[in-house]
Amino acid sequence: MKKLLIALVAIACIGTATAQSKAKAKKVSQKAKTEKVSKASKSSFIVISKKDLNLRVYDVVKGDTVLVKEFPACLSKNKGNKQKRGDMKTPESPKGKPFRISQIQDASTWHHDFRDGRGSIKAYGHWFLRLVTPGHSGIGIHGSTNNESSVPGRASEGCIRLLDTDIITLKEKYAYVGMPVIIKAENEGLYDWEKKLEK
């Protein structure tokens, strides 16, 4: 009886170890699949939604567009397309003419006075991804140091704010100079090709 009990315990341990081993292998396999698209290529691009308050990185893999990463975003206080300096609006890219990242700058020491009584404070996270936005200057994607509670939301002066950890991830894994950036209007939902990816 004692030998039978020992044998049963041994079988149970082997079964548990095998199940754990399979689960671990499955987890590693899933991780590997995720990592295949965790770094975007030079065919990747960004879509920013004013309606959904997010920034999505897409890439083209073997002819198919895939969603690589999504970040919550904070956009301008005022709605509508940017018309002039100081109007507190985020510019929208014209159809078929995305903006592009022109510079990736270390903004870790940059300060800004929001005229809210806090004075000049660190406000940009570690990186500023400067955009070419014809007709307007000073627009970029950056962090939200001292303003993290604004993400996601509507509180910027025109730029696109991400959480500080997210701007680091975006810069280190996905962004590159020349990267296309589409900024949609408030009334623009998902594009048809985005809807297909949602299914």
Side-chain angles (χ1 to χ4, degrees), residues 24-76 90-108 124-133 139-145 147-148 150-156 158-199:
K24 191 175 179 182
K26 188 177 179 184
K27 197 172 182 180
V28 169
S29 173
Q30 286 172 342
K31 188 178 178 187
K33 284 178 187 174
T34 304
E35 286 174 354
K36 283 181 187 174
V37 291
S38 66
K39 268 196 174 252
S41 71
K42 294 292 181 180
S43 62
S44 62
F45 58 97
I46 288 171
V47 176
I48 296 167
S49 172
K50 289 185 177 183
K51 183 179 180 181
D52 298 320
L53 300 175
N54 63 30
L55 179 155
R56 288 178 165 185
V57 179
Y58 290 98
D59 203 349
V60 180
V61 180
K62 295 180 181 176
D64 293 324
T65 302
V66 295
L67 174 61
V68 178
K69 190 71 177 175
E70 179 176 335
F71 302 102
C74 171
L75 295 152
S76 59
T90 300
E92 298 157 8
S93 52
K95 296 272 191 226
K97 294 182 179 178
F99 298 142
R100 296 205 178 257
I101 295 175
S102 62
Q103 291 177 293
I104 298 176
Q105 299 170 281
D106 184 341
S108 57
Y124 297 94
H126 198 82
W127 299 104
F128 188 90
L129 282 54
R130 191 171 298 280
L131 300 178
V132 175
T133 53
I139 302 296
I141 304 167
H142 58 75
S144 54
T145 306
N147 292 291
E148 292 227 315
S150 69
V151 182
R154 300 298 302 246
S156 86
C159 287
I160 299 90
R161 285 184 198 162
L162 302 183
L163 296 173
D164 286 346
T165 54
D166 289 347
I167 193 64
I168 292 170
T169 301
L170 180 63
K171 185 268 177 187
E172 290 182 352
K173 290 191 171 184
Y174 311 115
Y176 60 90
V177 171
M179 187 178 202
V181 177
I182 297 167
I183 303 180
K184 298 179 185 176
E186 277 86 8
N187 61 356
E188 282 188 279
L190 296 174
Y191 294 136
D192 289 341
W193 56 269
E194 285 182 295
K195 288 176 186 173
K196 289 175 186 175
L197 295 178
E198 296 282 309
K199 292 176 183 178

K.L.:
Answer yes or no: is there a donor N or O on one side and an acceptor on the other, between the side chain of Asp106 and the main chain of Ser108, under 3.5 Å?
P.N.:
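Yes, Asp106 side chain to Ser108 backbone: donor-acceptor pair under 3.5 Å.
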K.L.:
Tell me if a side-chain donor or acceptor on Thr65 pairs with a main-chain N or O of Val60 at a distance below 3.5 Å.
P.N.:
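No, Thr65 side chain to Val60 backbone: no donor-acceptor pair under 3.5 Å.
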K.L.:
Looking at CZ of Arg161 and CD1 of Ile167, how far apart are the two atoms once the value is rounded to the nearest 0.5 Å?
P.N.:
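Between atom CZ of Arg161 and atom CD1 of Ile167 there are 12.5 Å.
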K.L.:
Quick check against the 3.5 Å criterion: does Ser76 have a side-chain atom that pairs as donor or acceptor with the backbone of Ser156?
P.N.:
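Side chain of Ser76 to backbone of Ser156: no pair is present.
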K.L.:
Quick one: sort the Trp193 and Phe45 rings into parallel, tilted or perpendicular, breaks at 30° and 60°.
P.N.:
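Geometry flag for Phe45 against Trp193: perpendicular rings.
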K.L.:
Are the side chains of Ile141 and Trp127 in contact, using a 4.5 Å heavy-atom criterion?
P.N.:
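Counting from C-beta outward, Trp127 and Ile141 never come under 4.5 Å.
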K.L.:
Are the side chains of Ile46 and Ile182 in touch, meaning some heavy atoms are under 4.5 Å apart?
P.N.:
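No, too far: nothing below the 4.5 Å cut-off.
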K.L.:
What pair of heavy atoms forms the shortest contact from Gly189 to Lys184, and how long is it?
P.N.:
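In terms of heavy atoms, the two residues are closest at O-NZ, 2.8 Å.
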K.L.:
Only one of Lys51, Lys50, Lys95 passes side-chain hydrogen bond (donor to acceptor under 3.5 Å, both in side chains) with Glu188; say which it is.
P.N.:
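It is Lys95, the one option of Lys51, Lys50, Lys95 that forms the side-chain hydrogen bond (donor to acceptor under 3.5 Å, both in side chains) with Glu188.
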K.L.:
Give the minimum heavy-atom separation between Leu53 and Pro152, together with the two atoms involved.
P.N.:
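The pair with the smallest heavy-atom distance is O-CB, 4.0 Å.
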K.L.:
How many angstroms lie between CG in Asn147 and CG in Leu163, if you round to the nearest 0.5 Å?
P.N.:
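So the gap between those two atoms works out to 11.5 Å.
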K.L.:
Are the side chain of Lys69 and the backbone N or O of Lys173 linked by a donor-acceptor pair below 3.5 Å?
P.N.:
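Here the side-chain-to-backbone pair does not exist.
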K.L.:
For the residue pair Val181 and Leu129, establish whether any side-chain heavy-atom pair is separated by less than 4.5 Å.
P.N.:
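Heavy-atom side-chain distance check fails, nothing below 4.5 Å.
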K.L.:
First locate atom CZ of Phe99, then atom CD1 of Ile139, and finally report the distance between them rounded to the nearest 0.5 Å.
P.N.:
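The distance works out to 8.5 Å.
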K.L.:
Any chance you could lay out the side chain to side chain contact (heavy atoms under 4.5 Å, CB included) test for Arg56 and Glu194, step after step, and finish with the verdict?
P.N.:
CA-CA 11 Å; Arg56 288 178 165 185; Glu194 285 182 295; 4.0 Å; yes
K.L.:
What heavy-atom pair brings Val177 and Ser102 nearest, and what distance separates the two atoms?
P.N.:
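Distance-wise, the nearest heavy atoms are CG1-O, 3.6 Å.
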K.L.:
Can Met179 and Val57 be said to form a side chain to side chain contact (heavy atoms under 4.5 Å, CB included), step by step?
P.N.:
CA-CA 10 Å; Met179 187 178 202; Val57 179; 4.2 Å; yes
K.L.:
Let me confirm one number: the OG-CG distance from Ser150 to Leu75, rounded to the nearest 0.5 Å.
P.N.:
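With rounding to 0.5 Å, OG (Ser150) is 10.0 Å from CG (Leu75).
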K.L.:
State the CD-CG distance between Glu70 and Asn54, to the nearest 0.5 angstrom.
P.N.:
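These two atoms lie 4.5 Å from each other.
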K.L.:
Which residue in the set Lys171, His126, Arg130 passes side-chain hydrogen bond (donor to acceptor under 3.5 Å, both in side chains) when paired with Gln105?
P.N.:
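With Gln105 as partner, side-chain hydrogen bond (donor to acceptor under 3.5 Å, both in side chains) holds for just one option, Arg130.
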K.L.:
Please confirm whether the backbone N or O of Asp164 pairs with a side-chain atom of Glu148, one donor and one acceptor, at under 3.5 Å?
P.N.:
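Yes; judged by distance alone, with no hydrogens or angles, the pair exists.
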K.L.:
Using atom types as modelled and distance alone, determine if a side-chain donor or acceptor of Ser93 lies under 3.5 Å from a backbone N or O of Ile183.
P.N.:
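Yes, because the side chain of Ser93 sits within donor-acceptor range (under 3.5 Å) of the backbone of Ile183.
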K.L.:
Measuring only between side-chain heavy atoms, which start at C-beta, is Asp166 closer than 4.5 Å to Pro72?
P.N.:
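The answer is yes; the side chains approach within 4.5 Å.
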K.L.:
Using 0.5 Å steps for rounding, measure from the CG atom of Leu190 to the CG atom of Leu197.
P.N.:
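CG of Leu197 is found 9.5 Å from CG of Leu190.
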K.L.:
Any sub-3.5 Å donor-acceptor pair from Tyr176's side-chain atoms to Lys42's backbone N or O?
P.N.:
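Yes.
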